[in-house]
Amino acid sequence: MIREAPRIETDRLVLRSFRQGDLDAHAATLADEEVMRHIGGKPIIREDAWRRLLGGIGMWSLVGMGPWAVELKSDNRMIGHLGFFQFERDMTPSIIGEPEMGWIFDRTVHGQGIAFEAGQAALRWAEQEIAAETYPAIIDLENAPSIRLAERLGFVREGDAAYRDGTVAFFRRPGRL
């Protein structure tokens, strides 16, 4: 079982385990109203950002997957996170037990292909280490940039899903493209 996020490097990025020193950058991203508009609808306070960071670290040791902290090589700045999750979501259709892919990036790097580069690297890892038949993802219906990213990464929209008194776009990607 993988106990922590493996280090992955791309041309511009390092995907790595979260560190205690990531809290400031993580909390700033999650406190940004624009970033969080489509992810729960409201900013997250520092204390809850810390809990999320700890939960991400713990997910690796419990289920062998979780989020990577994504860092720019050019300045060693953590600019977001992405990975594969098991959130035990109460939703229809159910994805319990499946490796759900998700991502959140700081607004300063939106539109630069950073999330796509990180996503490709994470999916290459998943194809080798998780080897799932498919990978689900859920996205807010109005989050056009995230929907475009999912499609670029090979996800196909399968309709909508019912989640937390609302509706989200439901995507699935084949395990190997």
Side-chain angles (χ1 to χ4, degrees), residues 1-19 22 26 29-30 35 38-40 49 51-73 78-106 109 113-140 143 145-164 168-177:
M1 170 89 58
I2 296 171
R3 297 289 180 196
E4 70 174 33
R7 183 181 176 91
I8 299 172
E9 292 195 31
T10 69
D11 289 343
R12 299 181 290 172
L13 308 171
V14 175
L15 283 65
R16 58 166 175 77
S17 293
F18 278 111
R19 301 187 288 242
D22 293 332
H26 188 60
T29 298
L30 298 180
V35 170
H38 299 297
I39 309 166
R51 285 190 181 105
R52 281 184 173 218
L53 188 148
L54 293 173
I57 293 168
M59 193 172 292
W60 282 100
S61 65
L62 286 175
V63 296
M65 67 182 81
W68 283 272
V70 180
E71 177 180 289
L72 287 174
K73 283 183 175 178
M78 192 194 111
I79 43 84
H81 67 278
L82 92 160
F84 301 93
F85 305 91
Q86 297 217 344
F87 288 128
E88 300 293 317
R89 293 187 193 276
D90 183 13
M91 62 177 271
T92 304
S94 177
I95 59 173
I96 290 177
E98 295 186 65
E100 175 189 350
M101 190 172 191
W103 48 81
I104 300 175
F105 285 88
D106 191 81
V109 299
I114 297 288
F116 180 68
E117 185 175 326
Q120 285 184 307
L123 284 161
R124 281 192 299 273
W125 174 86
E127 288 174 355
Q128 295 296 313
E129 300 298 327
I130 300 173
E133 286 186 33
T134 64
Y135 299 88
I138 62 170
I139 302 171
D140 184 276
N143 191 345
S146 197
I147 289 171
R148 283 191 301 274
L149 173 61
E151 290 169 343
R152 285 187 68 205
L153 289 170
F155 286 83
V156 176
R157 187 162 179 185
E158 292 192 347
D160 295 338
Y163 179 60
R164 290 192 178 180
V168 292
F170 182 69
F171 290 81
R172 210 173 261 295
R173 181 189 188 275
R176 294 197 185 264
L177 285 181

Could you tell me whether a side-chain N or O of Tyr135 sits under 3.5 Å from a main-chain N or O of Ala126, the two making a donor and an acceptor? yes
State which residues pass ring-ring contact (aromatic ring centres under 6.0 Å, His included) with Phe170; sequence neighbours excluded, sorted by chain then number. none
With salt bridge (charged side-chain N to carboxylate O under 4.0 Å, His left out) as the test, would you mind laying out the steps for Glu127 and Arg173 before giving the verdict? CA-CA 11 Å; Glu127 288 174 355; Arg173 181 189 188 275; 3.1 Å; yes
Closer than 3.5 angstrom, by distance alone: can the side chain of Glu100 be matched with the main-chain N or O of Pro136 as a donor-acceptor pair? no
Using ring-ring contact (aromatic ring centres under 6.0 Å, His included) as the criterion, point out the one residue from Phe85, Phe105, Trp125 that pairs with Trp68. Trp125
In sequence, state the C-alpha distance, the side-chain angles, and the governing distance for Lys73 and Glu9, and then conclude on side-chain contact (heavy atoms from CB on, under 4.5 Å). CA-CA 9 Å; Lys73 283 183 175 178; Glu9 292 195 31; 3.1 Å; yes
Looking only at heavy atoms, the pair that brings Ala150 and Ile139 closest together is CB-CD1, 3.7 Å
Let me confirm one number: the CD1-CZ distance from Ile147 to Arg157, rounded to the nearest 0.5 Å. 5.5 Å
Between the side chains of Asp140 and His38, is a donor N or O closer than 3.5 angstrom to an acceptor N or O? yes
Phe171 vs Thr134, test: side-chain contact (heavy atoms from CB on, under 4.5 Å). Steps then yes/no. CA-CA 10 Å; Phe171 290 81; Thr134 64; over 6 Å; no
Roughly how far, to the nearest 0.5 Å, is the CD1 atom of Ile95 from the CZ atom of Arg172? 7.5 Å
Begin from the C-alpha positions of Ile2 and Met65 and carry the test side-chain contact (heavy atoms from CB on, under 4.5 Å) through to its verdict. CA-CA 7 Å; Ile2 296 171; Met65 67 182 81; over 6 Å; no
CE of Met59 to CG of Leu54: how many Å apart, nearest 0.5 Å? 12.0 Å
Distance (rounded to the nearest 0.5 Å) between Arg164 CZ and Arg89 CZ: 7.0 Å
Interatomic distance, Asp90 atom CG to Tyr163 atom OH [nearest 0.5 angstrom]: 8.5 Å
Take atom CD in Glu88; do more than 12 heavy atoms of anything else shown fall under 6.0 Å from it? yes
Nearest heavy atoms of Pro99 and Phe84, plus distance in Å: O-CD2, 4.0 Å
Considering all heavy atoms, the nearest Leu15-Ala118 contact: CD2-O, 3.8 Å
For Trp103 versus Ser146, what's the shortest heavy-atom pair and its separation? NE1-OG, 2.8 Å
Would you please name every residue forming a salt bridge (charged side-chain N to carboxylate O under 4.0 Å, His left out) with Glu129, sequence neighbours left out? none
Please evaluate residues Ile114 and Leu72 with respect to the criterion side-chain contact (heavy atoms from CB on, under 4.5 Å), reporting the C-alpha separation (whole Å), side-chain torsions for both, the decisive distance (0.1 Å), and the verdict. CA-CA 9 Å; Ile114 297 288; Leu72 287 174; 3.8 Å; yes
What is the minimum heavy-atom distance between Ser17 and Asp22, and which atoms define it? O-OD2, 4.1 Å
Arg16 side chain to Arg7 main-chain N or O, any donor-acceptor pair under 3.5 Å? no
Check this for me: Glu4, atom CD, are more than 12 non-hydrogen atoms of other residues, nucleotides or ligands nearer than 6.0 Å? no
Can you name the residues that form a salt bridge (charged side-chain N to carboxylate O under 4.0 Å, His left out) with Glu117, not counting sequence neighbours? Arg12
Return the CG to CG distance between Asp106 and Leu30, rounded to the nearest 0.5 Å. 9.5 Å
Closest heavy-atom pair and its distance - Gly154, Pro174: O-CD, 3.8 Å
